[in-house]
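Each chain gets a letter, A, B and so on, in the order its sequence line appears, and its residues count up from 1.
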Amino acid sequence: MTATALRTHRCGALREAHVGLEVRLGGWLHRRRDLGGLIFFDLRDRAGIVQVSFGPDWTPAAVLEAAATVGPESVVLVRGVVQPRPEAARNPEMVTGQVEVRATQLEVVGPAVTPPIPVWRTKGEDLPAEELRLLHRQLDLRRPEMERNLALRHRLLQRARGVLTELEFYEIETPMLTRPTPEGARDYLVPSRVHPGQFYALPQSPQIYKQLLMVAGFDRYFQLARCFRDEDLRADRQPEFTQIDLEASFVGPEDVYGFVEAVMVNLWDEAGHEVGRPFHRMAFHDAMEHYGSDKPDLRYELKIEDLGDLFGGRGFRVFDTAVEAGGRIRGMRVPGGAQLSRKALDEIAAVAQRHGIGGLATLKRTGDSLTGPLAKLPDIASEQAGLKDGDLLLVTAGADNVTSAALDAVRLQVIQRLELEPVEQHAFLWIEDFPLFERELESDEWIFAHHPFTAPRPEDLPALLDRQYGDVKAQHYDLVYNGNELGSGSIRITDPEVQLRVLEAMGIPRADAERRFGFLLTALRSGAPPHGGFAVGFDRVVMLLAGADSLRDVIAFPKTTAARALFEDSPSPVDPAELASLGIEIRGQ
RNA sequence: GGGGCUGUAGCUCAGUUUGGUUAGAGUGCCGGUCUGUCACACCGGAGGCCGCGGGUUCAAGUCCCGUCAGCCCCGCCA
């Protein structure tokens, strides 16, 4: 399979078993060591690196001479014989280090100019600036680390296909040119030449299509779907990204959990990790209450508690004020937290304050003595506070939506600074029972917490009809892994009347709803099976399994944080004539 | 939209705190010596719009203002 017209083996594949074979290799000159009489090449291809040696005893003089002039990163074809290296010259750090290829022929088929960024680096040398790595992407991708990441990505993609095919899912492609959606993320628009003044949008997700496929009776669908959102970026967010998108009919949440868990367990297995099932589950409310986050990292046991009974009405001014304003006193007991220095605590408090709380009160137990601002309160005893020797209590007060975010940040800080031992390595977690609607902070209006097609819980339908929107829970679920949101899904609305009610609740009158979502409503009226599904953020999965810090390291050609492609220099202006044919005129800035 | 960090040789970085002769190092590159290297070794050399624009000053890599780019975070991401 490896052998082709121009080569017999891949460089990185050669082992002692190949000794004696005459081989032909094609690869990039990673590094050259010229000792005068002897010349060594480290020859690299996607499989790895092998040493090629040129010496007067086995290499013709003209070839030896040519070998002295090949520049780094040039592509060469080499013919030679695999030989064991002299005993003293073996390199245990290379998988091919027991052998070398003694060259008899050399042809430079792809000479390279001196590379602007190095592919080879000395030990401990920093990577080139990200800007240069993206600009010269074909060189950056030659680094073995990038090869490993993209090879892993490939294997994970194939594994996902395999599992879902096994589970009787069809892989079905959906359009990239679709209808703009006014709600949700901003769309990337594509002008139509045939219909000047009209636009397609690139899909933010194949959401509606997959629902139509369920109505069509395909029963189980999946797609390794490219999605596009014109929003500001982060290290873990790209404007175009890949989802493992799936949808199934005649299912409840348990079925969806089962499908997704099967996929995840297989992907983790592909990366060499054993993961147990079923995954943990937690209600959204409990996640916010005990972890201050809808994506808690359950590798660590630290929990947030309501400390109102302990500190309420004790005359601690800021607490009492907060409670009078309708807030609560919450905090966490940190076993061993007394070892945190004053400076560390100040820094943790500063992080918390960036999330809007006034401050972080502490109570520290060392031996039998209590210290910290809260120790001054009358009648506070260690037992009462639940503190053992060396423990620390961190407390704040205020509105839940502020203290939750702050305590979440505090929790992560404490975990990091105390280097707490994880109680498990792979903490998968389902978050359930999300509210269907939430209030927008500024306008105080109800908005979708998820997307408009998420079904309410059947038992909450009366509340929906009663316009008690705050009481309606969604059949929506998020998948969380070690504090990272990996994806989300839901059971969808299949009753057109419920769909209209939900849209109405969001201030979309029936007439508008029929116009904007008519094709979906029509589909729902044409015999729609109960269905639901999920979408996994695949790039993020690859990033975590590759141990990468950024999505850019697991995507071959990513965009910058300003959504630019440096390699090809896009986006770019276009010819006015082309714009004119689209009926588009650019106004000056 | 807002905040932060970074920008000096092809690359990775010192130098900016406290303005002051000719801006350094490692690596890479070029030339030379070298038969067992694998960060080969040794000798020699070239290489700079100090991101860009403006200002302060006798004098700016260094101080001030603006701007561009990359990265990180908040908002945003139904």
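For A:Lys473, the NZ atom counts as loosely surrounded, since its 6.0 Å shell holds 12 or fewer non-hydrogen atoms of other residues, nucleotides or ligands.
If you check the side chains of A:Arg540 and A:Gln238, you find no donor sitting under 3.5 Å from an acceptor. For the residue pair A:Glu432 / A:Tyr257, a side-chain donor-acceptor distance below 3.5 Å is found, with atom types taken as modelled. Checked by atom type, the side-chain pair A:Ser490/A:Arg492 shows a donor-acceptor distance below 3.5 Å. Side-chain polar atoms of A:Arg142 and A:Gln138 form no donor-acceptor pair below 3.5 angstrom. Between the side chains of A:Tyr221 and A:Thr174, not a single donor N or O lies within less than 3.5 Å of an accepting N or O.
Between A:Glu497 and A:Arg510 there is a salt bridge, since a side-chain N of the basic residue sits under 4.0 Å from a carboxylate O of the acidic one. A salt bridge links A:Asp433 to A:Arg457: at least one charged side-chain nitrogen sits closer than 4.0 Å to a carboxylate oxygen. The existence of a salt bridge linking A:Arg501 and A:Asp495 is excluded, since no basic side-chain nitrogen approaches an acidic carboxylate oxygen closer than 4.0 Å. Looking at A:Arg133 and A:Asp553, a side-chain N of the basic residue comes within less than 4.0 Å of a carboxylate O on the acidic one, giving a salt bridge. A salt bridge is defined here as a Lys NZ or Arg NE, NH1 or NH2 lying under 4.0 Å from an Asp or Glu carboxylate O, and A:Arg186 with A:Glu231 meets this definition. By the 4.0 Å N-to-carboxylate-O rule, A:Glu347 lies close enough to A:Lys343 to be salt-bridged with it.
Put simply, CZ on A:Arg564 is 7 Å from P on B:rG70, counting in whole angstrom units. Following rounding to the nearest Å, A:Asp140 (CG) and B:rG70 (C1') show an atom-to-atom distance of 14 Å. Rounded to whole Å, atom C1' of B:rG51 lies 9 Å from atom CD of A:Glu131. Atom CZ in A:Arg143 sits roughly 16 Å away from atom P in B:rC11 (whole-Å rounding).
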Per-nucleotide protein contact along nucleotides 34-43 of chain B, 5' to 3', at a 4.0 Å heavy-atom cut-off (B base, S sugar-phosphate only, - neither), is BBBBBBB---

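Rounded to a whole angstrom, the distance from the P atom of B:rG2 to that of B:rU17 is 29 Å. Nucleotides B:rU56 and B:rC63 are separated by 8 Å at their C1' atoms, to the nearest Å. With P as the reference atom, B:rC42 and B:rC58 are 50 Å apart, rounded to whole Å. To the nearest whole angstrom, the two C1' atoms, one in B:rC50 and one in B:rU6, are 14 Å apart. When the C1' atom is used for both B:rA69 and B:rG51, the distance is 8 Å, rounded to whole Å. Spacing of C1' atoms, B:rC34 relative to B:rA41, comes out at 8 Å, to the nearest Å. Rounded to the nearest Å, the gap between the P atom of B:rG4 and that of B:rG66 is 12 Å. Between B:rU35 and B:rG7, the distance separating the two C1' atoms is 46 Å to the nearest Å.
The minimum heavy-atom distance between A:Ala225 and A:Asp245, with the atom names listed, is CB-CB, 4.2 Å.
Taking the six-membered ring for Trp and the full ring otherwise, A:Phe517 and A:Phe453 have centroids separated by under 6.0 Å. A ring-centre distance under 6.0 Å is found for A:Phe54 and A:Phe41. In this structure, A:Trp430 has its ring center under 6.0 Å from that of A:Phe534.
Judged by closest nucleotide on RNA chain B, A:Leu566 is the one of A:Ser205 and A:Leu566 placed further toward the 5' end.
A distance of 10.5 Å separates CG of A:Leu212 from CD of A:Glu247, quoted to the nearest 0.5 Å.
Under the Watson-Crick and G-U wobble criteria, each requiring two contacts below 3.5 Å, nucleotide B:rG10 is paired to B:rU27. Judged by Watson-Crick or G-U wobble contacts below 3.5 Å, the nucleotide B:rC77 has no partner. Across all strands shown, B:rG47 forms no Watson-Crick or G-U wobble pair with both key distances under 3.5 Å. B:rC5 is paired with B:rG70 under the criterion used here, namely a Watson-Crick or G-U wobble arrangement in which both key atom distances are under 3.5 Å.
For A:Arg229 against B:rC77, no side-chain N or O and base N or O form a donor-acceptor pair under 3.5 Å.
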Just the table, please: protein N/O against nucleotides 71-73 of chain B N/O, every pair under 3.5 Å.
residue, atom, partner, partner atom, Å
B:rC71, OP1, A:Thr561, N, 3.2
B:rC71, OP2, A:Thr561, N, 2.6
B:rC71, OP2, A:Thr561, OG1, 2.1
B:rC71, O3', A:Arg552, NH2, 3.0
B:rC72, OP1, A:Arg552, NH2, 3.0
B:rC72, OP2, A:Arg552, NH1, 3.4
B:rC73, OP2, A:Ala235, N, 3.3

For nucleotides 4-10 of chain B, print each protein N/O atom paired with a nucleotide N/O atom at under 3.5 Å, atom names and distance only.
residue, atom, partner, partner atom, Å
B:rG10, O2', A:Pro116, O, 2.6

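Proximity of residues 481-510 of chain A to RNA chain B (heavy atom under 4.0 angstrom from any strand atom) is not detected for any residue. Residues of residues 64-76 of chain A having a heavy atom closer than 4.0 Å to RNA chain B, listed by number: A:Pro72.
Counting any heavy atom pair closer than 4.0 Å across all strands shown, A:Pro128 reaches sugar-phosphate atoms only and no base atom.
The side-chain contact (heavy atoms from CB on, under 4.5 Å) check on A:Ala235 picks up nothing, with sequence neighbours excluded.
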